[in-house]
Every structure is written in C-alpha cells, then in structure tokens.
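These notes concern the structure reproduced below.
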Amino acid sequence: MQISYFRFSLLIGLILIIQSIVNNTTILYFDCLPLLLVAILLEGIFEIRLIFMICLLADLFGHWYLGTHLLSITLVSFLTKGFVNFYRVSNVLQKVIFNGIFSLIAYIIITLVGLVMHNSNFGWLNLLIEVIIINPVILFILSSFIIKMPPDIIRAE
Amino acid sequence: MTRIKIWLIIISIALIFLDKFSFIYKFRDLAAISIQKQIALFEFRITSYPKLVLLQHSEQKHLEVENRQLKKQLEQYSIALKQQSNQEHDIAELKDLNAVHSLHDGFKSILSRAIIDVNYLVNNKLLIDKGYNDEVRVGQSVVNKNGVIGQVGIVNQKNAQVILITNQDYKIYLQNSVTKSKMLAQGIGNDKLLVKYINKNERVTVGDVLVTTGLDDIYPANIPVAKIIKVFYENNGFNSALCVPVVDFNKLQYVLVLKNAN
C-alpha cells in the first residue's frame with residue numbers, strides 16, 4: 001500500500017482551510033478529518049505517526065480536547081480490521097456506505113467524549129452533510145489522487 | 001498491533017484529561033479567537049471588495065457630489081456655530097454693560113458699538129456708531145464695564161469720535177484709589193498715560209489704580225482709569241508715574257456714552 005504523502009498533506013491542508021472558513025462564517029460546523037481517517041483505516045493503513053498527527057490536527061481545528069479523535073479512531077480501528085479486504089474489492093457505492101457507517105461510529109464516540117467532558121458540538125444537519133455529501137468527495141480524491149495501490153493486492157494483518 | 005492500539009487509547013485518554021484540566025486550553029482558546037478574527041476580516045474584505053470594484057461610475061459621481069455638499073454644509077454649520085458663540089459673547093458683554101449702567105446715578109447712558117479703525121491705531125481715537133441723532137454730544141464721557149475709555153471729541157449725525165485717554169491731547173483729573181490723593185494724568189500715546197507733579201511725600205506705588213474723582217461732572221466718581229506701572233523721580237522735585245489704561249482698547253466691542261442727567 002502506498003500513498004502519496006505530499007498529496008495527502010495537501011488534501012489535509014485543504015480540508016482544514018475549508019473547514020475553518022465554513023465553521024467560522026456559517027451556521028454549519030464540519031469535522032471532516034474523521035472521514036479521511038476512517039477511509040485510510042478501511043484501506044488498511046494504520047501508520048501510527050500519521051494517524052496521531054492527523055488526530056491532533058483534527059482536535060485543534062475542530063475545537064475538541066486533544067486525544068478525542070485519537071481515541072475514537074483507535075476504537076473504530078478495532079471494528080474496521082475485519083472489513084479491510086472486503087472494502088478493497090467493493091465498488092464505489094459500497095465503499096461510500098462502509099465509510100459512512102464507520103465514520104458515524106467515530107462521530108458518535110467523539111460526541112460522547114465531548115458530552116462527558118462538556119465540550120460537545122453536535123448537529124444533525126452537519127452530520128448528514130458530512131456523511132452524505134463530503135464523504136464521497138473525500139473518497140473520490142483519496143482513490144484518484146492519493147492512494148497508489150493495485151486493486152488485486154490483499155494484505156492480511 | 002492490539003497492544004499498540006491499547007497504548008494509543010491510554011495516551012488519548014491521558015491527552016483528553018491533560019487538555020481539560022491544565023493550562024493548554026488557554027492557548028487553544030487564544031489561537032481559536034485569533035483565527036476567527038482573521039477569518040472574519042478576510043470574509044469582510046472578500047464581500048466588500050466586489051462592491052468597491054463594481055461600483056458604478058454614476059454612483060461614484062453621486063457620492064462625490066454628496067461629499068462636497070456635506071463638506072459645504074459642515075462649513076456653513078461651523079460658521080453659524082461660531083456666529084452663535086460670538087453672539088453669546090456679545091450678549092454677555094451687553095449684560096455687563098447693563099449692570100454698569102445701573103451704577104451711575106445722575107448719568108444717562110447710551111449704548112454704542114465701538115469701531116476699531118485706522119484712526120484708532122494712529123491717532124488714539126475711537127469711532128462709535130451713535131451720533132447727534134442719538135443724543136451724543138461733545139464732551140460726554142465714554143466708559144465700559146472695566147473703566148474709562150475717553151471723551152467724545154467730534155460728533156456727526158450718526159457717529160462720533162471718542163478721544164481715548166491715551167491720546168496726547170487728553171487730560172483727566174484722577175485720584176489714587178488707595179490714598180485718595182488727587183493728580184492730573186495726561187495721555188502720551190503708545191497706550192500710556194503720565195502723571196506728573198506727584199508730591200514726593202505721597203505714597204504712590206506700582207499697581208495702584210487711579211480712579212475718577214467725580215468732581216468734573218463729566219465722569220461719575222470712582223471709575224477706574226489707569227494702573228501705575230512705574231514711579232520715577234524727575235529733576236523738578238516731584239515724582240512722576242507712568243500708567244496704562246485699565247481698559248483693553250483692542251478688545252472693545254460695546255461702550256457706554258454717559259450723559260449727565262443734570
């Protein structure tokens with residue numbers, strides 16, 4: 001499995017900029033990096049340093065407590081482990097649905113942590129837009145420009 | 001891998017608690033506020049820039065015209081305000097003169113406006129806007145709230161000339177307000193008066209105010225005239241005193257012409 005780190009960094013930067021602008025200028029509140037993290041988990045990538053850094057960035061820009069995203073992604077990774085191979089052979093629609101479901105679980109964990117620590121920022125509209133609209137876009141960019149892997153290679157952990 | 005993930009969970013929980021219960025949140029809040037400000041500014045610039053660029057030429061012209069009109073209006077209002085404050089000053093002065101008028105028993109007063117002109121600057125004479133038609137006559141005294149100004153010299157139908165006390169042709173009989181000693185003062189020009197032939201035994205000091213005596217039926221008594229600024233000995237066995245008028249002739253606006261009621 002190979003990813004283009006440069007393009008990946010660009011994508012993260014772009015997501016953060018757009019997210020900051022939208023969060024500070026509209027009534028919407030997006031947190032798009034969990035979608036990206038779940039997508040790379042489903043692709044079978046679990047680079048600790050990469051995930052750690054993206055989680056910290058997501059916490060900082062999303063106004064969550066440090067460690068919130070790391071906790072939720074780590075917990076979700078236990079669930080995604082068994083679906084990696086099936087995910088790789090799925091078609092686009094199935095990938096979107098899988099990503100959506102596991103992202104929802106990640107969001108629920110983040111929200112629960114936020115509720116416990118009294119720092120919650122939840123909205124149904126935000127969630128729907130993230131999972132239904134933003135999720136396919138991120139998956140498309142990931143698969144088209146960032147992840148470089150032949151589809152027939154299946155790796156077991 | 002499972003062990004690593006468990007460690008990550010522990011680290012994440014520790015980070016959450018560290019962030020919640022330590023000073024880290026302050027820096028985060030500061031950063032969040034500054035980012036929000038920059039974004040708001042950026043958004044404002046983005047939204048307002050097209051309006052500036054796309055502003056119609058006619059709208060610009062209209063704004064220019066409106067701007068000029070407003071500036072003109074502002075100037076007019078400033079002038080009106082200045083005039084109003086001047087009028088208030090005039091009213092205050094007239095009120096003072098009115099108070100002065102009531103002090104002079106036996107004298108009728110005629111309010112008049114002083115006109116500072118070349119004659120004043122060169123010849124120590126003052127023009128006033130009341131003349132024969134207003135019962136002003138030669139020899140009448142002219143005063144204001146501060147003191148004596150002079151005496152009417154020439155009278156025309158609608159105006160009159162006042163000889164100031166500093167005029168070289170002017171003499172007035174005065175007394176020291178403190179010692180009550182009598183003396184004769186003469187104008188010497190250059191905004192000064194000279195009192196000569198003061199007895200050496202007289203106690204005359206710098207700062208003494210000289211007032212009218214009231215003995216000449218021209219001036220009411222005890223109106224300030226001049227203040228002594230210098231006392232010196234002359235070789236004729238007498239002292240002399242250099243004085244300045246108590247009235248500031250440069251600031252005259254309204255004056256009272258006193259007419260002896262008898």
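Naming convention: chains lettered A, B, ... in sequence-line order (proteins, then strands); numbering from 1 in each chain.
By the 6.0 Å contact criterion, NZ on Lys192(B) is enclosed, its count of non-hydrogen atoms from other residues, nucleotides or ligands being greater than 12. Around atom CG of Asn190(B), no more than 12 heavy atoms belonging to other residues, nucleotides or ligands sit under 6.0 Å away. No more than 12 heavy atoms of other residues, nucleotides or ligands lie within 6.0 Å of CZ in Phe42(B), so this atom counts as exposed by the packing criterion.
No other option in Leu15(B), Ile16(B), Leu8(B), Ile13(B) has as many heavy-atom pairs under 4.5 Å with chain A as Ile16(B). The choice from Leu71(A), Leu70(A), Leu66(A) that makes the most heavy-atom pairs within less than 4.5 Å of chain B is Leu66(A).
Here the OG-CG distance, from Ser12(B) to Leu75(A), works out to 7.0 Å after rounding to the nearest 0.5 Å.
Contact annotation: the side chain of Ile48(A) never approaches that of Trp7(B) to less than 4.5 Å [non-hydrogen atoms, C-beta and beyond].
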Test side-chain contact (heavy atoms from CB on, under 4.5 Å) on Tyr65(A) and Leu18(B) and set out the steps. CA-CA 9 Å; Tyr65(A) 286 116; Leu18(B) 184 71; over 6 Å; no

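Every residue was checked against the side-chain hydrogen bond (donor to acceptor under 3.5 Å, both in side chains) condition with Ser143(A), not counting sequence neighbours, and none meets it.
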Give the table of side-chain donor-acceptor pairs shorter than 3.5 Å for residues 8-17 of chain A, with sequence neighbours excluded, one pair per line with atom names and distance.
unit_1	atom_1	unit_2	atom_2	d
Ser9(A)	OG	Tyr5(A)	O	2.7

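Neither the backbone nor the side chain of Ser72(A) comes within less than 4.5 Å of any heavy atom in chain B. Within the 4.5 angstrom heavy-atom criterion, only side-chain atoms of Ile4(B), from C-beta onward, approach chain A.
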